[in-house]
Each structure stands twice: as structure tokens, then as C-alpha cells.
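Read the numbers this way: they start at 1 and go in the same order the structure lists the ligands and their atoms.
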Amino acid sequence: MNEYDIVIVGAGPGGSTAAKEAAEKGLKTIFFERGRKPGEKNSSGCGLGPRMWRDFDVMKEIGPEVCPSIREGRAARNYFVNEEGEVTGYIMTTPTASVTYEPAKSWITLNCYRSDFDPWLSQYAVDAGAELKTSTLVTGLIREDGKVVGVIDEKGEKYRGFVIGADGAVSMVAQQAGLRKRWKQEEVTIVPQYDFECSPSKIDDIMGDEALAVWWSAVFPAAYQVFFNGGFHIGLGNWMTWWDKNPMYYLNRVISLKYFKRLVRILDAKPREFQAHLLPWQGKPYNTHTDNVILVGDAGGFPCPLEAEGIYPAMITARAAIETAADALSEGDTSKEFLMLYDKKWKATSVGEEFTAGPELASIWRALPFSPHKTMSWFIPMFMEIIGGIIDWSEPHAVRIRQIARRLKTYLPQAVPFIMKEVIPLLTTVLGEDKMELLTDPEKLLTEMPEIQEALTKAFMDAPEEE
Ligand SMILES: Cc1cc2nc3c(=O)[nH]c(=O)nc-3n(C[C@H](O)[C@H](O)[C@H](O)COP(=O)(O)OP(=O)(O)OC[C@H]3O[C@@H](n4cnc5c(N)ncnc54)[C@H](O)[C@@H]3O)c2cc1C
């Protein structure tokens with residue numbers, strides 16, 4: 001039996017961060033990757049969030065020299081697709097004035113291929129002294145007296161130590177440690193995507209800073225498009241409980257949009273690869289540890305409950321896991337009771353803060369962009385009426401405003417229950433009950449914001465019926 005302090009299954013962002021932090025603490029560390037190199041088996045590309053630069057010094061060293069596929073997503077396009085499958089508008093957005101730090105003020109994400117990013121990150125762990133074993137599938141956990149004491153690989157080689165499950169969405173560690181069987185259908189999404197190849201200069205010329213796009217739609221769940229240096233992804237996902245047809249049917253609806261096809265044509269883009277991955281997406285992580293085992297990243301269900309950003313949470317939870325494991329090893333107590341410390345630690349991070357409104361965030365996402373037929377079918381025309389209705393020369397603008405108000409009134413039977421069921425609970429959790437009184441107590445609203453009340457009443461309630 002090979003003896004280590006820390007044995008990590010997986011060399012994705014979670015595994016590599018755990019390995020680096022453990023080795024830097026002087027712990028004898030090994031991490032395993034089933035691929036020939038890290039990044040070979042994951043979803044091929046990603047957008048990296050700015051919190052990574054705020055919280056991990058290593059990120060300041062990334063650039064095109066070490067990660068050639070890197071491209072800044074300074075701006076995002078938001079396309080709106082109606083029930084007829086037509087793009088009825090788009091809005092370009094950039095980081096807004098309320099953003100507080102760099103680089104978040106400069107860009108939304110920094111995009112790159114995982115085949116660049118994962119090996120780059122894993123090298124820091126190796127440099128810190130961790131041993132990386134690639135092309136090695138860990139097949140099981142080994143137990144003594146019923147307790148997990150290490151892992152075994154496909155060749156039967158055994159490794160003893162504190163186990164970190166950083167083995168992604170389909171985590172062998174989670175299942176064999178008895179932390180869960182499989183994800184429940186409502187906890188996991190399937191995400192098919194195409195990777196397209198196209199020249200960096202075409203992307204520069206045609207997309208400019210707009211290296212991100214979301215296709216909000218009434219005919220498919222919201223699709224994302226991420227541009228790298230030399231290609232882009234187009235993909236979409238939804239919870240396993242949602243699909244009424246093969247996910248490919250919906251992804252193919254995106255790439256068949258006239259607008260999308262035109263984009264592909266002018267970018268001279270060529271499809272290169274098709275991929276499909278599972279991604280846990282839930283309101284609250286649970287069962288994250290047991291005796292001598294901690295789960296990090298996707299294995300523990302840590303992607304953001306709203307947009308499923310998963311790389312930063314994997315790195316943050318990896319750091320919390322190693323701090324906990326180091327304490328546990330020095331105390332000589334790796335029991336699940338001691339490891340409750342892990343929950344305390346990750347809950348105190350930015351990831352923990354995200355999950356304080358996790359159920360509400362996951363619920364509104366499920367009910368809005370992931371409910372194309374039920375919600376986006378009225379939301380998109382309503383939204384377009386608001387942002388697009390005024391740029392119209394068909395009538396005097398006074399008439400247009402009345403027409404728009406009348407039209408908006410017809411959406412109230414759907415919009416009001418949606419606001420009550422999804423928006424108010426989210427705002428109540430995030431802002432607190434006291435601030436919400438203003439929005440839910442009409443009398444208070446009237447005294448504190450009479451102009452708004454008057455304007456709303458005029459626009460919605462007094463608008464004459466359609467002629
Ligand atoms: C299509 C798609 C797009 C995404 N886009 C983004 C994005 O833009 N930004 C973002 O932040 N997040 C994104 N995510 C989420 C993100 O990919 C994950 O949350 C993140 O990779 C989690 O990191 P991890 O280290 O926990 O797991 P992983 O990255 O999955 O790493 C696990 C590693 O363990 C290895 N492994 C698994 N089992 C074994 C085993 N038994 N033995 C040895 N090795 C094993 C795997 O090969 C893999 O390298 C996306 C996910 C998907 C599916």
C-alpha cells in the first residue's frame with residue numbers, strides 16, 4: 001500500500017487546487033487523472049469568472065503565452081427568440097457601474113479551452129510537490145473496519161490517505177463513500193454542445209469584445225455561446241426532469257436559427273466536435289463529507305445555483321477541504337463529526353454566500369429561461385414590447401405609449417403570479433423582509449413612492465381596452 005497524507009481523485013480545477021494547497025502545506029499528496037492529461041475529459045471550454053482573480057494569486061499568471069485559447073468576454077450579447085423561432089431583438093451588455101473590483105469591471109468572463117487551462121493549473125500543484133498520476137482511473141475506495149482509508153486504481157494499486165473526491169459530476173467517490181447513489185433527476189442537468197472552429201481574426205472583426213452570448217428563447221432552454229481564441233461553443237441544458245424530446249432536438253433548433261446560421265457563415269466557422277456532459281445544479285449542496293472523505297466541486301454539487309458557474313466553486317471548496325483535512329490530520333481526527341468543519345468553512349466563503357439564496361435562484365432559473373414554452377413564450381414578447389416598442393414610427397409617440405401600455409396589460413395575468421411566486425421570494429431572501437415591505441405593502445408604497453404608484457396605476461390599470 002502506498003502511503004500519502006492526501007489522496008485526490010480528479011485533476012480538474014477542484015483536484016488541482018486541492019493538490020496545490022495540500023502540497024504547499026507540506027502534506028504528502030497524490031492526485032489522479034483518468035485522462036492522458038488534465039482537461040482531456042471535461043467540457044472542452046469555459047468562461048472563468050473574475051472572482052478567481054480576486055481570490056487566487058495563481059490566476060494573475062495566466063495569459064496567452066501559457067493559455068493560447070484565452071479571450072476576454074468584455075461584453076455579452078443577449079438574443080431574444082420568439083415562439084416562431086425568430087430573433088426579435090438583442091441587447092449587448094458590459095459590466096455595470098455597481099461592480100466593485102478589477103478585473104470584474106473590465107470583463108464578464110475570461111474564456112479559454114479546458115485543454116489549456118487544466119494542465120496549466122495542475123502544473124502549479126506538481127511544482128508545489130504533489131504527485132500527478134495521469135491515465136489512471138481510480139475504480140474504488142478501500143475500507144478498513146467499514147471506514148474509507150484510501151483508493152484503488154484500475155490496475156489494483158492501492159493508495160492510503162485522506163480522500164478528496166474531486167472527480168466531477170459522476171463522482172465514484174461520492175457513490176462509493178455512501179454520500180449519494182446517483183443525482184436525483186431534479187438535481188442534475190444534461191448539457192449538449194457543439195464546438196466550432198474559426199479564425200481568431202474573424203472573431204475579432206465580427207464579434208469584437210462580444211465574446212459571450214445568451215440566446216433567451218421561447219422554443220428552447222436558454223443557450224450559451226462562448227468565444228475562445230480560435231473557436232466557440234454553442235450549447236444548452238436543462239434538468240433531467242424537463243426534457244420532452246431528445247436534447248439534440250433543442251440544440252439543433254438553435255443552430256438552425258436563420259440568425260445563427262448567418263453568424264456561422266460570416267465567421268466562416270466549421271463544426272469541430274460534439275460533446276454532452278452532466279452538470280449538477282441544485283439549490284443547496286448536501287452530504288459533502290463522511291469519515292476521512294470530502295467532496296469538492298461538481299462531485300459535491302457546488303456549481304452556482306443560478307448560472308452553474310462551476311470552476312470557481314470547485315477551487316474555493318477545494319481550498320476549504322484542504323484546510324479542513326489539514327486540521328483533521330493534525331488533530332488525529334478525520335471523523336465525519338470533525339469534518340463538519342468543512343461545511344462551516346465553505347459556507348463562510350463567497351460560494352456559501354451564493355447558496356444562501358440557492359433554492360430561490362435555482363427556482364427562478366428553472367421557471368424562466370429553462371421554461372421556454374411556459375414562461376419565455378410570454379416573457380419575450382413582453383420584454384420586447386418594453387425595450388423595442390418605443391423605437392417605432394407607426395404612430396405619434398403618445399399613441400404608441402398607450403398601445404404599449406395596453407399590450408403590457410395583457411401580460412399581467414401571467415406576469416403577476418410569476419412575480420409573486422419567483423421574484424418576491426428571491427428578493428425577500430436577498431434583501432430581507434423589512435426592505436420588501438415597500439414592494440408588498442401597497443399603503444407603504446403609496447406613502448413612500450407616490451409618483452411610482454401613480455405612474456403604474458396610469459400605465460396598467462387605467463389603460464383603455466384595445467380598440
Ligand atoms: C457544457 C458545460 C459548460 C460549462 N461551462 C462553464 C463555464 O463556462 N464556467 C464555469 O465556471 N463552469 C462551467 N461549467 C461547469 C464546470 O465545468 C464544472 O463545474 C467544473 O469543471 C468542476 O470542476 P471539478 O474539478 O469539480 O470537476 P471536473 O472539472 O469535472 O474534473 C474532474 C476530473 O476528474 C477526472 N476523473 C473523474 N473520475 C475519475 C476517476 N475515477 N479516476 C481518475 N480521474 C477521474 C476527470 O477526468 C476530470 O478531469 C460547465 C459545465 C458544462 C458541462
Less than 4.5 Å apart, any side-chain heavy atom of Glu323 and any of Arg319?
yes
Just by distance, with hydrogens left out, do Glu21 and Thr17 show a side-chain donor and acceptor under 3.5 Å apart?
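The answer is no; no qualifying pair exists.
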Can you list every protein residue that has a heavy atom under 4.0 Å from any atom of ligand 1, sorted by chain and residue number?
Val9, Gly10, Ala11, Gly12, Pro13, Gly14, Phe32, Glu33, Arg34, Lys41, Asn42, Ser43, Cys46, Gly47, Arg114, Thr136, Leu137, Val138, Ala166, Asp167, Gly168, Val191, Gln193, Tyr224, His277, Leu279, Gly297, Asp298, Ala308, Glu309, Gly310, Ile311, Ala314
For Phe302, all residues meeting ring-ring contact (aromatic ring centres under 6.0 Å, His included), sequence neighbours excluded:
Trp346
Within residues 355-371 or reaching into it, pairs that qualify as salt bridge (charged side-chain N to carboxylate O under 4.0 Å, His left out) - sequence neighbours excluded:
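Qualifying pairs: none.
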To the closest 0.5 Å, what do you measure between CD1 (Ile142) and CD1 (Ile152)?
6.5 Å
Acceptor/donor pairs from residues 251-263 side chains to any protein atom, 3.5 angstrom cut, sequence neighbours excluded:
residue : atom : partner : partner atom : Å
Asn252  : OD1  : Tyr194  : OH           : 2.8
Asn252  : ND2  : Met248  : O            : 3.1
Ser256  : OG   : Asn252  : O            : 2.4

